[in-house]
Amino acid sequence: MLIKPAPDILPSEITPRAVFDDRRRIVLRAGLGLAAGAALWPAAIPRARAASLGSLPSPFSTDEAPTKLDAVTGYNNFYEFGTDKGDPARNAGKMALRPWTLQVEGLVGRPRTFDIDELLKLAPLEERIYRMRCVEGWSMVIPWNGFPLAALLKQVEPLGSAKYAEFLTHYDPEIMLRRPVLHWPYAEGLRLDEAMHPLTLLTLGLYGEPLLPQNGAPVRLVVPWKYGFKSAKSIVRIRVVEKQPATAWNLAAPQEYGFYSNVNPAVAHPRWSQASERRIGEFRKRPTLPFNGYAEQVASLYQGMDLRADF
Ligand SMILES: Nc1nc2c(c(=O)[nH]1)N[C@H]1C(S)=C(S)[C@@H](COP(=O)(O)O)O[C@H]1N2
Ligand SMILES: [Mo]
């Protein structure tokens with residue numbers, strides 16, 4: 001990716017852990033009044049923001065301190081709106097978020113087009129505090145709001161011949177780059193078992209509020225054990241297919257970006273070591289974990305594969 005050095009973000013800019021923990025306690029107490037099922041979840045919603053989307057906390061959340069909202073919404077990759085980290089926050093506001101539909105088609109028994117407001121009510125929204133790791137060497141911890149993509153895919157009933165899911169994103173040359181920095185529309189793909197994995201989140205919000213344009217509003221994917229670029233933003237179509245689909249980054253530089261792109265400290269990118277990372281808001285580097293720390297949940301998906309060849 002065409003990257004300039006990141007402007008350093010001060011440690012004081014991240015939500016201090018004590019403040020977040022305090023909010024958790026408030027929510028836990030408030031949560032006692034919730035339905036019995038909800039009270040079983042380890043509560044972790046910042047109270048003021050939880051009101052808008054009303055998500056349930058998830059046991060898949062990390063207890064690491066979330067990255068400050070300003071960084072989550074101001075330091076982005078969304079190349080359709082420019083290649084500088086500040087470009088998406090400056091330019092993505094031009095994108096009209098309504099009406100918006102998500103078409104799900106291909107090798108499915110019940111192809112269907114979901115209106116975005118219908119999608120928001122399709123399944124209970126969860127808050128998933130996930131580690132996100134970009135191939136460029138930075139990482140964040142983000143409280144996302146969404147539900148497992150599997151809940152959507154089950155509704156369209158994938159056929160036995162279905163092996164992959166392809167994600168196609170919004171492209172409007174009137175407001176986005178025309179220059180073919182990448183192949184537009186930006187496309188991504190997952191193997192169907194990866195797409196159906198409970199960690200794979202169809203994401204509609206962050207920090208308890210609907211997604212901002214720069215983060216991929218109104219609907220994006222979040223795949224926490226893969227490098228950031230697998231988490232396609234502003235999706236308009238999902239195609240269930242038999243053959244491995246082409247993906248934007250793999251088309252742009254196949255020797256740098258493989259189809260799988262699992263976070264793997266043992267396999268270096270030609271330009272960036274993947275052994276360690278800098279959490280936005282910190283100065284020190286921390287070691288990068290296999291599958292971004294989600295190995296226990298996802299390593300079995302890759303049993304018998306050589307992840308140096310299938311990087
Ligand atoms: N449509 C689209 N989706 C995209 C990208 C993009 O350029 N276009 N960039 C990817 C990359 S490289 C990363 S690291 C994440 C960043 O998501 P965030 O800005 O919400 O943290 O979005 C991914 N999804
Ligand atoms: Mo990225």
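In each ligand, atom 1 is the first atom listed, and ligand 1 is the first ligand listed.
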Exercise. Where do His197 and Gln297 come nearest, in terms of heavy atoms and distance?
Worked result: NE2-O, 3.0 Å
Problem set entry | Trp138 N/O under 3.5 Å from ligand 1 N/O | no
For this session: Could you tell me whether Arg128 sits above the aromatic face of Phe147, with NZ or CZ closer than 6.0 angstrom to the six-membered ring centre and within 45 degrees of the axis?
Result: no
Exercise. Hey, is ligand 1 close enough to Trp144 that some N/O pair sits below 3.5 Å?
Worked result: no
Exercise. Should you measure from each heavy atom of Tyr79, which atoms of ligand 1 turn up under 4.0 Å away?
Worked result: 6 (C), 7 (O)
Seminar exercise, completed: To the nearest 0.5 Å, atom CG of Leu182 lies from atom CG of Leu251 at 9.0 Å
Problem set entry | Distance-only donor-acceptor check, side chains Tyr207 and Trp144, under 3.5 Å | no
Exercise. Would one find an N or O of Tyr75, backbone or side chain, under 3.5 Å from an N or O of ligand 1?
Worked result: no
For this session: Between Lys230 and ligand 1, find which residue part has any heavy-atom pair under 4.0 Å and reply side chain, backbone, both or neither.
Result: neither
For this session: Assess Gly216 for proximity to ligand 1: is some non-hydrogen atom of it under 4.0 Å away?
Result: no
Exercise. Given Trp249, Tyr186, Tyr227, Phe78, which one has a non-hydrogen atom that is nearest to atom 10 (C) of ligand 1?
Worked result: Tyr186
For this session: Quick one: look at Arg220 and ligand 1, take heavy-atom pairs under 4.0 Å, and tell me if it's side chain, backbone, both or neither.
Result: side chain
For this session: Identify the two heavy atoms, one from Ile280 and one from Thr67, that lie closest to each other, and give their separation to 0.1 Å.
Result: O-CG2, 4.0 Å
Exercise. Is Arg110 atom CZ crowded by more than 12 heavy atoms from other residues, nucleotides or ligands, each under 6.0 Å away?
Worked result: no
For this session: Would you mind finding which of Ala187, Ser139, Gly228, Ser261 brings a heavy atom closest to atom 15 (C) of ligand 1?
Result: Gly228
For this session: Pick whichever of Lys233, Met132, Gln214 has a heavy atom sitting closest to atom 16 (C) of ligand 1.
Result: Lys233
Problem set entry | Side-chain donor/acceptor of Lys230 to backbone N/O of Gly189, under 3.5 Å | yes
